[in-house]
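Here's the structure, in structure tokens; my notes come after.
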There are 2 protein chains.
Amino acid sequence: MQAYNFHTESGEPMSEPRRSFTREDPDSRRAALIRATLELIAEFGPQAATVRAIAAEAGLTQGMIRHYFSTKEELVNAAYEAHMQAQTEASEASAGGAGTARARLAHFVAGSVTPPVADPRAVSLWAGFIHMIRRDPAMHATHRESYLRYRDLLQGLLSDALAESGRPVPEAEARRLAIACNAVIDGLWLEGGALPEAFGSSELEGIARDSVGAILGLSLLRDEASQ
Amino acid sequence: MQAYNFHTESGEPMSEPRRSFTREDPDSRRAALIRATLELIAEFGPQAATVRAIAAEAGLTQGMIRHYFSTKEELVNAAYEAHMQAQTEASEASAGGAGTARARLAHFVAGSVTPPVADPRAVSLWAGFIHMIRRDPAMHATHRESYLRYRDLLQGLLSDALAESGRPVPEAEARRLAIACNAVIDGLWLEGGALPEAFGSSELEGIARDSVGAILGLSLLRDEASQ
DNA sequence: CCGGTAATTATGCAAGCGTATAATTTCCAC
DNA sequence: GTGGAAATTATACGCTTGCATAATTACCGG
């Protein structure tokens, strides 16, 4: 390291100009720090997300972390919140297409077990936050809210799809089905992320479609999923 | 801390006897260190598993880690291997009962989504190892082997259960079904561990039974699972 | 164009980290 | 009993960590 510590040939330290900088708006600085934090946690784990590493990854100096966040923990919390919000928005966009409820469900399921949602980085990132989620009440609440929102989305989709095919289900049953379908999706997401080389490229997508279909008693067709 | 640093009333350090000890056999010492390592990673994450914390949790001094393992990393690897081996043995014991294949399958599935297999500690422990699994080839190999062994066990059980009910399936199809059932189980394991308060006490067990049943086209009865 | 203010960089600090080594204690062979 | 080897404790070292503060630079309003 020490990319900015120049020395003379004799080894003596040489006075060296400070790195130049430009002032940027606070939001983009915060975003850069959050992005760097998520990148490091996903790729190398929470241990690697030190203030110095985060600053380097963001192309800044470590003082910026304390300038924009009162503590490193606060930055990590902000990063978690930003990540969960992005995920939720992506899910809702993925569920919001046109077509029959069955087609929207198929599309939603397929999107949840293929990149970029399902990939080793995403699983690693999730795992990196688990311990903090268990201990920090605020992070636990964010996690809970995000999970339930995703599951409710799924429950709405499958309720509509079942009603559409003439087999409406009461809400309690829809809840159970949503938990089950969510489990299939999460399980495939997990396995694809933790052991990607063990599966063919679109194998998990097909298995997800068939399994959710079997649980619901619907057939989710391939071409419906990919539209 | 400093439980063994006595001082006089005036605050001066007082020469103090070393803590007494007994010599124990190397295996039990190694086991104690491994147990302490797993406990800390599960409960507080890898960051909390420092040599000092591990030694304290094991009731030893930190020199023992270097005495029984050449490095802390080696201890962590040994702990991971020991954990995975224990899990594999538990799975195989759970699958090895008597009765029809369908009953054994039901029992196996139920055991995988209820404590002690499914609980927040287990999920945390798994999450704590993920990043090392991704980067350390030896740990990756252990993970892969353990996962495939579990899945093969499940595949054997469901193959037998299907054959038993007059609907044998080719191996390629059995593999797909095993991946799917494994996903349901893992997903419920994950959700139950990450958000335990969101589910009723035996709710996940029932959902697992019904979902695996739906995927396989078998009905797995409650009393079959609990025998 | 220039002075002031806030953003940014650079440096310092105490605490904790993993590892190395010295000092002490246990316990078995004889 | 009593050495003596090995297990165990205690301490020290260099490095990294998160956080604090001092020094510098960019940019805006006049």
Side-chain angles (χ1 to χ4, degrees), chain A residues 1-7 13-33 36-37 40-41 44-79 132 136, chain B residues 1-7 13-33 36-37 40-41 44-79 132 136:
Chain A
M1 287 298 163
Q2 298 195 328
Y4 296 95
N5 251 349
F6 298 158
H7 295 266
M14 188 173 82
S15 89
E16 161 232 343
R18 288 196 162 203
R19 56 189 287 182
S20 67
F21 61 91
T22 60
R23 299 161 108 111
E24 305 263 336
D25 88 292
D27 283 349
S28 86
R29 286 269 126 113
R30 268 186 266 265
L33 290 171
T37 303
L40 286 169
I41 293 178
F44 306 100
Q47 345 229 21
T50 67
V51 288
R52 285 163 180 83
I54 292 170
E57 171 73 28
L60 302 171
T61 56
Q62 62 164 313
M64 304 307 284
I65 289 173
R66 277 276 297 170
H67 193 256
Y68 285 107
F69 299 89
S70 69
T71 202
K72 182 196 154 191
E73 187 186 353
E74 190 184 287
L75 165 58
V76 173
N77 284 28
M132 315 180 211
D136 183 326
Chain B
M1 287 297 166
Q2 296 194 332
Y4 297 94
N5 252 349
F6 298 158
H7 295 265
M14 186 173 82
S15 88
E16 160 233 343
R18 287 195 163 204
R19 55 189 287 183
S20 67
F21 62 90
T22 61
R23 300 172 153 200
E24 306 264 336
D25 89 291
D27 283 351
S28 88
R29 286 268 126 111
R30 267 187 267 265
L33 290 170
T37 303
L40 286 169
I41 292 179
F44 305 101
Q47 345 229 19
T50 67
V51 289
R52 286 162 181 83
I54 292 170
E57 171 73 28
L60 302 170
T61 56
Q62 59 165 316
M64 304 306 283
I65 288 173
R66 278 275 297 170
H67 193 256
Y68 285 107
F69 298 90
S70 67
T71 201
K72 183 198 155 189
E73 186 186 353
E74 190 185 288
L75 165 58
V76 172
N77 284 27
M132 316 181 210
D136 183 328

* Asked: When the nearest nucleotide of DNA chain C is assigned to B/S20 and to B/G63 on a heavy-atom basis, which residue is associated with the more 5' position?
  ->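 Here B/G63 is the residue nearer the 5' end.
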* Asked: Between A/M64 and B/I65, which is nearer to the 5' end of DNA chain C once each is assigned its nearest nucleotide?
  ->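 Its nucleotide being nearer the 5' end, the pick is A/M64.
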N or O in side chain of [X] less than 4.0 angstrom from [N] OP1/OP2:
X     : N      : result
A/T22 : C/dT8  : no
A/R29 : C/dT8  : yes
B/T61 : D/dA10 : no

* Describe the nucleic acid contact of A/Y68 in one word from base, sugar-phosphate, nothing, applying a heavy-atom distance below 4.0 Å. => sugar-phosphate
To the nearest Å, how far apart are [X] [atom1] and [N] [atom2]?
X     : N      : atom1 : atom2 : answer
B/D25 : C/dC28 : CG    : P     : 13 Å
A/R66 : C/dA7  : CZ    : P     : 15 Å
B/H67 : C/dT25 : NE2   : P     : 17 Å
B/E24 : C/dT26 : CD    : C1'   : 12 Å
B/R19 : D/dT11 : CZ    : P     : 13 Å
A/E74 : D/dG18 : CD    : P     : 15 Å
B/L60 : C/dT25 : CG    : P     : 18 Å
B/K72 : D/dT16 : NZ    : C1'   : 13 Å

* To do: Please figure out whether A/A48 or A/F21 has its closest DNA chain D nucleotide nearer the 5' end.
  =>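 Nearer the 5' end of the strand: A/A48.
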* **Residue met sooner reading DNA chain D from 5', once B/Q62 and A/E73 are mapped to nucleotides** => B/Q62
Are any side-chain N or O atoms of [X] and backbone N or O atoms of [Y], one a donor and one an acceptor, separated by less than 3.5 Å?
X     : Y     : value
B/R29 : B/M64 : no
A/T50 : A/A53 : yes
B/K72 : B/A49 : yes

* **Option among B/R19, B/H67, B/R52, B/R18 that satisfies the side chain to side chain contact (heavy atoms under 4.5 Å, CB included) test with B/T61** =>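 For B/T61, the side chain to side chain contact (heavy atoms under 4.5 Å, CB included) check succeeds only for B/R19.
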Compare the minimum distances between each of [options] and the side chain of [X], then state the nucleotide with the smallest one.
X     : options                : result
A/T71 : D/dT17, D/dT9, D/dC19  : D/dC19
B/R18 : C/dG12, C/dA20, C/dA23 : C/dA23
B/V51 : C/dT19, C/dA7, D/dT8   : C/dT19

* Between the side-chain atoms of B/R52 and the base atoms of C/dG16, is any donor-acceptor pair under 3.5 Å? -> no
* Asked: Hey, is CD on B/E74 packed in by over 12 heavy atoms from elsewhere, all under 6.0 Å?
  -> yes
